[in-house]
2 protein chains.
Amino acid sequence: MHSDIIKYCSNFVELTTQDKEILNQAFQPTFVQRKKFLLKEGEKCGFIAFIASGVIRHFHIKDGEEITCDISVGPCFITDFASFNKNIPSKFSFQALKDTEAFCISYDDLNQLYNQSTALEQLGRIMAENVAERSTEMSLALISQKPEERVQHLLASRPELFQLVSQRHLANLIGITPESFSRIRSRISKKP
Amino acid sequence: MHSDIIKYCSNFVELTTQDKEILNQAFQPTFVQRKKFLLKEGEKCGFIAFIASGVIRHFHIKDGEEITCDISVGPCFITDFASFNKNIPSKFSFQALKDTEAFCISYDDLNQLYNQSTALEQLGRIMAENVAERSTEMSLALISQKPEERVQHLLASRPELFQLVSQRHLANLIGITPESFSRIRSRISKKP
DNA sequence: AAAGTAGATTGCCCTCGGTCAATAAACCGT
DNA sequence: ACGGTTTATTGACCGAGGGCAATCTACTTT
């Protein structure tokens with residue numbers, strides 16, 4: 001629902017009635033059917049999307065292969081900041097893995113919105129900080145842990161993903177092949 | 001110099017005379033001698049630091065080993081958002097590799113500053129977006145490229161680092177051992 | 001200048017994960 | 001329910017990178 005944006009954002013900042021009004025008007029509802037795309041690599045990512053419900057897979061194509069680099073489960077915000085801010089083609093595609101209810105706002109509308117309310121500007125900052133935090137943590141995991149540790153960490157920290165997405169995508173996410181992912185899993189379940 | 005903050009920030013937002021005044025007052029100068037620490041892992045990172053000049057190595061300790069996960073060359077801002085925002089112990093140490101001129105602001109002072117000026121709130125958002133962008137790119141490189149590609153990319157994109165930091169640190173940064181780093185480099189210089 | 005410490009390089013061996021291929025199972029569209 | 005496609009698992013083989021140790025060099029420290 002449209003009002004989910006309000007509910008979600010209220011977790012981070014205090015919104016006035018007017019702020020809520022602005023949010024409601026600025027975000028355009030966009031339904032994305034399972035397997036369809038919210039963004040295709042090479043296009044400009046001219047929006048920030050609030051994913052009210054559903055699941056979005058972020059992937060990049062390398063040597064003809066899709067590399068899944070993130071899985072976003074609603075409610076959350078997604079965008080490609082590099083493309084969004086610099087107005088350049090995106091390196092990523094956003095594909096729905098489940099029917100997804102999204103609400104999008106364009107660059108210009110967003111900046112206008114930022115100028116109208118400090119709470120919203122603050123919200124934008126907090127969202128960016130959260131992305132920064134998450135991907136810093138992800139980089140650290142990738143350079144400091146071995147594949148087997150990363151599998152264990154994934155099992156422990158995001159078990160819900162195993163119902164939502166295929167193992168080949170999960171394997172990409174932690175930088176290994178689907179075959180290794182399968183082998184490591186079976187190795188883990190035998191040993192412990 | 002203190003005024004470097006103003007110069008740097010002006011690249012991102014328009015600052016009024018008053019904004020400049022506020023910035024000057026809010027940031028406390030902190031000199032960090034080569035090899036000394038701006039932050040030690042386990043402490044709370046209660047500040048955002050503007051690095052006016054110098055070089056800071058970010059590292060995390062894993063199994064008793066230092067894992068260098070970022071190198072920040074001034075001018076730039078650094079912090080650990082996870083620790084800073086949630087007020088929890090940091091997973092990182094910040095060590096100066098060169099004598100470093102930093103200017104720090106505390107959490108409370110920063111939030112006060114955000115309330116005083118939308119330009120500064122905006123600045124905070126843009127800094128966070130930049131971190132998000134950089135570390136998203138870093139994660140992608142780690143999951144989509146092989147060690148040899150990452151070495152080549154590092155050589156191409158940040159050659160200046162080879163003068164500033166030891167190879168063992170650069171090796172960590174791209175998730176390989178110093179020995180492999182050395183071997184891959186010599187392999188590269190022979191082949192093409 | 002000497003001694004001691006840290007970094008870089010190289011060799012050897014080994015392991016883990018990558019690659020390729022075959023099979024089996026689950027999923028999909030019609 | 002059917003045939004076709006995608007996915008998961010397993011096997012066999014291989015090779016890049018890891019681990020360890022020895023050597024050599026460069027840098028600090030006194």
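Chain letters run A, B, ... following the sequence lines, proteins first, then strands; residues in each count from 1.
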Gap between atoms NZ and C1', on B/Lys62 and D/dG19 respectively (whole Å): 15 Å

What's the CZ-P distance between A/Arg187 and D/dA8, to the nearest Å? 18 Å

Using atom CD of A/Glu65 as one end and atom P of D/dT6 as the other, report the distance to the nearest whole Å. 13 Å

Minimum-distance pair of heavy atoms, taken over all atoms of A/Ala52 and A/Phe103: CB-CE1, 3.8 Å

Would you mind reading off the distance between A/Gln33 atom CD and C/dC28 atom C1', rounded to a whole angstrom? 14 Å

In this structure, are over 12 heavy atoms from other groups packed under 6.0 Å from B/Gln116 atom CD? yes

DNA chain D: 5'-proximal contact among B/Lys146 and A/Val165 (nearest heavy atom): A/Val165

Nearest-angstrom distance from the residue atom CG of B/Leu142 to C1' of C/dG17: 17 Å

Closer than 4.0 angstrom, basic N to acidic O: yes or no for A/Glu149 and B/Lys62? yes

Contacts of A/Pro147 and A/Glu179 projected onto DNA chain C by closest heavy atom; the upstream (5') one is A/Pro147

Heavy-atom nearest nucleotide on DNA chain D for B/Lys35 versus B/Phe181: which residue maps closer to 5'? B/Phe181

Verify the distance criterion only: is there a donor paired with an acceptor across the side chains of A/Glu41 and A/Ser93 at less than 3.5 Å? no

Measure from CD on A/Glu148 to C1' on D/dG17 and round the result to the nearest Å. 17 Å

Nearest-Å distance, CG (A/Leu97) to P (D/dT6)? 16 Å

Side chain of B/Ser182 only, please: which of D/dG17, C/dT9, C/dA8 is the nearest? C/dT9

Out of A/Gln152, A/Gln167, A/Glu148, which one pairs with A/Arg185 under the side-chain hydrogen bond (donor to acceptor under 3.5 Å, both in side chains) rule? A/Gln167

Answer with yes or no whether B/Arg183 presents, from its side chain, a donor or acceptor under 3.5 Å of a partner atom in the base of D/dG19. yes

Closest nucleotide among C/dG17, D/dG18, D/dT7 to the A/Ser166 side chain: D/dT7

Nearest-Å distance, CD1 (A/Ile176) to P (C/dC16)? 14 Å

Options D/dG17, D/dA8, D/dG18, nucleotide nearest the side-chain atoms of A/Arg168: D/dA8

Does a side-chain N or O of B/Thr177 approach OP1 or OP2 of D/dG17 to a distance below 4.0 Å, or not? no

